[in-house]
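Note sheet for the following structure.
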Amino acid sequence: MKIFKSFNILNKEINFNEKVGFVPTMGALHSGHLNLIKEAKKKTKKVLVSIYVNPTQFNNKKDFQNYPRNFNKDIIILKKHKVDYLFIPNHKEIYKNGIIKKFKIFKKDKVLCAKSRNGHFEGVLTVVNRFMHEIKSKYIFFGNKDFQQVYLIKKYLQDKFDTKIKICKTIRNKNKLPLSSRNILLSNSSLKRSEKISNLLFNFKNKILKKAKNVKLKNSYKKKIIKLCDKLEYFEIRNSGNLSSNIDKKKFKIFVAYYQKNVRLIDNV
Ligand code: PAF
């Protein structure tokens, strides 16, 4: 596995005329990331993974400091899975002109995490824009667990670049909790409670699919979720096409964001 620290050398050494799949990550790799790599391998000749914990997408300094970092283990995992290239830029490489956000998102898009994590997606779009500008891969891969992230990347970046955006399914543990790098920060009891929340989401979705959505039903699920976490940030049903609150019965998703102690988790079904 070749390791690069600068766009310059990466672009000299990788032949992007060959089909290359790019998987951007913030490290602390788990089976969700491995699924992105597997999907990239299916479609491309070579796979490039990046590990960069992007400071501008954290709206809270402590959250940035506490974000899990597992660099040595990540390298072993990537080598084991025969990843061809690894990119590990530093802050200067990404933010030549100071650590600032380049993007603004429309008021209309300030829902769910964009409302509760002020500036988060502006930071995500800034770094993904920089990656896509410099790395001319055939495809770039993201997981559907971060549904709103993917929605906004498509909306704001898709038309700017030739790289095709590929979305891969959410990978869950055997008790339905979506895999996330943050899960390793959970105590055993918080993990169990989070698994119950994910199960409630599936259960609620099935009920909505069987009969019309009703406010009382939503409130009763909300109460159950509140009991299973330390703070509920949001629990919402939204149109999966445009994230508006205009629900189409066939095209909707249930979104949740909550805290277990100081660990913030999200899910959508
Ligand atoms: O989903 C993530 O891990 C990050 O938001 C991303 C896309 C690597 C940008 O920092």
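Just so you know, ligand 1 is whichever comes first in the structure, and atom 1 is the first atom listed for that ligand.
In the vicinity of F142, heavy-atom distances shorter than 4.0 Å reach the ligand 1 atoms 7 (C). Counting the atoms of ligand 1 from 1 in the order shown, those under 4.0 Å from a heavy atom of V127 are 9 (C), 10 (O).
For the residue pair Y258 and D267, no side-chain donor N or O sits within less than 3.5 Å of a side-chain acceptor on the partner.
The shortest N or O to N or O distance between Q57 and ligand 1 is under 3.5 Å. Ligand 1 has a nitrogen or oxygen under 3.5 angstrom from a nitrogen or oxygen of Q149.
In this structure, the ring of F204 has its center less than 6.0 angstrom from the ring center of F235. Under the 6.0 Å cut-off for aromatic ring centres, F103 and F121 do not qualify, their centroids lying 6.0 Å or more apart.
Between M26 and Y52, the closest heavy-atom pair is CG-O, 3.3 Å.
A perpendicular orientation is assigned to the rings of F161 and H133, their planes being inclined by more than 60° (bins at 30° and 60°).
Using 4.0 Å as the threshold, F131 has no heavy atom nearer than that to any atom of ligand 1.
The protein heavy atom nearest to atom 3 (O) of ligand 1 is M26 CG, 3.7 Å.
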